Amino acid sequence: EIVLTQSPTTMAASPGEKVTLNCLASSSVSYMNWYQQKSGASPKLWIYGTSNLASGVPNRFSGSGSGTSYSLTISSMEAEDVATYYCLQLSSYPLTFGSGTKLEIK
Amino acid sequence: EVKLVEYGGGLVQPGASLRLSCEASGFTFSDFYMEWIRQAPGKGLEWIAASRNKANDYSTVYSASVKDRFTISRDTYKSILYLQMNTLKPEDTAIYYCARESYTTDYYYYFDYWGQGVMVTVSS
């Protein structure tokens, strides 16, 4: 099983601040997907294929990485970005999610 | 418009069975892989089962935590995805989501549509 370790677990950023969320895989994966989940809501596809933004995702978001190390970056934090972000690998079964990074605003 | 609507959750005692349903609309159900994912209260997301598409004979895959207790299946005429859950344990308490799996021409796979989720509580 591929274990995905996300860091940090929780973080708070000021409006306008650059934010980087990390996802480390225990084995190499072909690409990474990211999901945004707001409190009480279903997860939403946010980034797929490592760096492709899902429909409607603001372009202040970006994704990068390869092999075992992936990241999601927000170039300028906004209040609406408050959520928990999960990475997900579909390279091999069992499919696995990271434990999530809870992003708050200062 | 793609829609996924789950139902069938509730409160059950340990050892009991329950069947969840996920009604799909707005797309050709047989063309897509479908998934069940759960989220225990205050916890992260856990993938638990997949039903491949018609081209792959609707074959199934399970996580170790539910294998031999849960069964994923489909009614292709009604476009409904099921999750039959047997021998339920308190640790199965969670919100259960169904999701559609899509892919790009570059063969990036992803869960693009999710249902609203249905709560299952296993407690005596």
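Since the model is a prediction, treat every value here as computed from it, not as a measurement.
The shortest distance between side-chain heavy atoms of Ser102(B) and Tyr48(A) does not fall below 4.5 Å. Looking at Leu90(A) and Phe111(B), their side chains come closer than 4.5 Å, going by heavy atoms from C-beta outward. Put simply, the side chain of Trp46(A) does not reach to within 4.5 Å of the side chain of Tyr110(B), judged on heavy atoms.
To the nearest 0.5 Å, atom OG1 of residue Thr104(B) and atom CG of residue Asn52(A) are 7.0 Å apart.
Within residues 93-103 of chain A, the residues having any heavy atom less than 4.5 Å from a heavy atom of chain B are, in residue-number order, Tyr93(A), Pro94(A), Leu95(A), Phe97(A).
Interface residue Tyr97(B): only side-chain heavy atoms are found under 4.5 Å from chain A. Of the two parts of Ala50(B), only the side chain, counted from C-beta on, holds a non-hydrogen atom closer than 4.5 Å to a non-hydrogen atom of chain A. If you measure heavy-atom distances from Gln39(B) to chain A, the contacts under 4.5 Å come from the side chain alone. Only the side chain of Gln37(A) has a heavy atom closer than 4.5 Å to any heavy atom of chain B. With a 4.5 angstrom heavy-atom cutoff, Ile37(B) touches chain A only via side-chain atoms.
Linking Ile, Leu, Val, Met, Phe, Trp and Tyr residues whenever their side-chain heavy atoms come within less than 4.5 Å leaves Leu11(B) and Met85(B) in two separate clusters. In the hydrophobic clustering of this structure, Ile47(A) does not group with Tyr109(B); members are Ile, Leu, Val, Met, Phe, Trp, Tyr whose side-chain heavy atoms approach within less than 4.5 Å, directly or through other members. In the hydrophobic clustering of this structure, Leu45(B) groups with Leu88(A); members are Ile, Leu, Val, Met, Phe, Trp, Tyr whose side-chain heavy atoms approach within less than 4.5 Å, directly or through other members. Transitive grouping of hydrophobic side chains (ILVMFWY, heavy atoms separated by less than 4.5 Å) keeps Tyr108(B) and Met32(A) in distinct clusters. In this structure, Val12(B) is a member of the same hydrophobic cluster as Tyr96(B), with clusters built from ILVMFWY side-chain heavy atoms closer than 4.5 Å.
For Lys67(B), the NZ atom sits in a loose shell: 12 or fewer heavy atoms of surrounding residues, nucleotides or ligands are nearer than 6.0 Å. By the neighbour-count criterion of 12 heavy atoms within 6.0 Å, atom OH of Tyr58(B) is densely surrounded, having more than that number from other residues, nucleotides or ligands. Atom CG of Asn56(B) sits in a crowded spot, with more than 12 heavy atoms from other residues, nucleotides or ligands closer than 6.0 Å.
When each of Ser91(A), Ser42(A), Ala54(A) is checked for heavy-atom pairs under 4.5 Å with chain B, Ser42(A) comes out on top.
Among pairs with a residue in residues 20-42 of chain B, those fulfilling ring-ring contact (aromatic ring centres under 6.0 Å, His included) read Phe27(B)-Phe32(B), at least two apart in sequence or across chains.
Nearest heavy atom pair, residue Gly44(B) against residue Tyr86(A), reads CA-OH, 3.5 Å. The two residues Tyr31(A) and Tyr107(B) make their nearest non-hydrogen contact at CE2-O, 4.1 Å.
Not one N or O on the side chain of Asp112(B) forms a donor-acceptor pair closer than 3.5 Å with the backbone of Leu45(A).
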